Amino acid sequence: HAFGQVAEMRRSGGTFAEALGRRRPSIHRTSGVLMALFSSDLADLIAQRHGVVTVDQLVADGTTLNTVKRLVREGLLVRVHHGVLRLATSPDTFELRCAAACAADDELVISGVSAARLWAFRHVWVTETPIGLVAHDRTPIRRGVILRRTNRLDDTDVVERRDGIR
C-alpha cells in the first residue's frame with residue numbers, strides 16, 4: 001500500500017519516488033502524501049510556517065518548476081503571493097497570511113495592530129488583513145497586505161518568530 005511505503009520512506013530518509021518504485025511520483029490528494037513529496041526538512045519547515053512555502057524553497061528541495069506548476073494546477077498548492085504558495089489543506093488563517101507576506105519579502109515586518117494580535121496583546125483592534133512595514137521606496141506585495149512605509153527600521157526593532165513571521 002502506498003501509505004505504508006511512504007511511512008517507510010520517511011523513516012529511511014529516501015524519496016517518495018523511491019518508495020513507490022517510480023522515477024516520477026504520482027500526486028494524490030492527501031496532504032500526508034503531498035508532504036512526502038518534500039524532504040523531511042522542508043516538510044517540517046512548511047508545517048512550522050502554517051503551510052507556507054516559496055517556489056525557491058521547493059526548487060532547492062529538488063522539485064522541478066513543472067512539478068510546482070502541476071501541483072498548483074491540480075489544486076494541491078495555492079498561490080498566495082508571487083513566488084509564495086500554501087498547501088491547499090492549510091486553513092487560510094491570519095498567521096498564514098502573515099507568514100506568506102514575510103516569505104514574499106524578506107525585509108517586510110508585520111507591524112501595528114497586526115503585530116499586537118500576533119503577540120496576543122489585549123484590548124487592541126483586531127484586523128484580518130496583515131499590516132506590513134517596508135522601506136519607503138518599496139512595494140513588494142500588491143494585494144492581501146496593508147503596507148506602511150518607513151525611512152528607518154533597525155535590526156533591533158525586528159523580532160523573528162520561529163514560524164518565520166517578523
Side-chain angles (χ1 to χ4, degrees), residues 16 27 29-166:
F16 182 68
I27 298 172
R29 292 199 177 274
T30 305
S31 63
V33 174
L34 178 61
M35 289 297 278
L37 287 171
F38 314 131
S39 69
S40 60
D41 289 342
L42 183 58
D44 291 344
L45 183 68
I46 293 169
Q48 185 179 42
R49 297 200 171 176
H50 308 281
V52 173
V53 64
T54 67
V55 173
D56 291 342
Q57 289 168 331
L58 290 169
V59 170
D61 194 55
T63 306
T64 66
L65 288 176
N66 284 335
T67 300
V68 172
K69 289 176 186 175
R70 185 166 42 105
L71 292 169
V72 170
R73 188 174 54 247
E74 293 182 5
L76 297 171
L77 293 174
V78 178
R79 184 176 187 267
V80 182
H81 298 294
H82 178 74
V84 178
L85 308 164
R86 72 172 172 87
L87 298 179
T89 56
S90 297
D92 183 19
T93 63
F94 178 73
E95 289 78 8
L96 180 142
R97 290 189 293 276
C98 290
C102 291
D105 181 349
D106 56 4
E107 293 182 27
L108 182 137
V109 177
I110 301 300
S111 69
V113 294
S114 294
R117 178 176 175 180
L118 290 170
W119 289 100
F121 285 21
R122 296 183 304 158
H123 308 295
V124 177
W125 173 68
V126 176
T127 179
E128 290 300 317
T129 304
I131 299 171
L133 189 62
V134 296
H136 199 305
D137 60 345
R138 300 177 39 118
T139 306
I141 303 172
R142 300 193 185 280
R143 63 180 174 82
V145 178
I146 298 169
L147 292 179
R148 302 283 187 242
R149 291 174 173 42
T150 184
N151 288 327
R152 182 173 179 168
L153 183 64
D154 296 326
D155 289 341
T156 57
D157 297 326
V158 179
V159 174
E160 183 159 352
R161 296 170 19 144
R162 189 168 178 237
D163 59 4
I165 299 173
R166 299 177 290 288

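These numbers were taken from a predicted model, which means no experiment stands behind them.
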Using side-chain heavy atoms (C-beta onward) and a distance below 4.5 Å, is [X] in contact with [Y]?
| X | Y | result |
| --- | --- | --- |
| Leu77 | Leu58 | yes |
| Ile141 | Val134 | no |
| Phe121 | Val113 | no |
| Val80 | Val52 | no |
| Arg97 | Thr129 | no |
| Val68 | Leu85 | yes |
| Leu108 | Ile110 | yes |
| Val159 | Trp119 | yes |

**OP:** Report yes or no: does Arg49 contribute a side-chain atom to a donor-acceptor pair with the main-chain N or O of Ala103 at less than 3.5 Å?
**Re:** no

Subject >> Whether Asp61 side chain and Ser39 backbone form a donor-acceptor pair below 3.5 Å >> reply: yes

**OP:** Grab the two heavy atoms, one from Leu96 and one from Ser90, that are nearest each other, plus how far apart they are.
**Re:** CD1-CB, 3.9 Å

Original post:
What do you reckon, is CZ of Arg162 surrounded by more than 12 foreign heavy atoms closer than 6.0 Å?
Top reply: no

Subject >> Whether over 12 other heavy atoms sit under 6.0 Å from Asp155 CG >> reply: no

Subject >> salt bridge (charged side-chain N to carboxylate O under 4.0 Å, His left out) pairs, two or more places apart, involving residues 110-127 >> reply: Arg117-Glu128

**OP:** Find the distance between CZ (Arg166) and CG (Leu118) and round it off to the nearest 0.5 Å.
**Re:** 12.5 Å

Original post:
Roughly how far apart are Thr64 OG1 and Lys69 NZ, rounded to 0.5 Å?
Top reply: 9.5 Å

**OP:** For His50, check side-chain hydrogen bond (donor to acceptor under 3.5 Å, both in side chains) against everything at least two apart and list the hits.
**Re:** Asp163

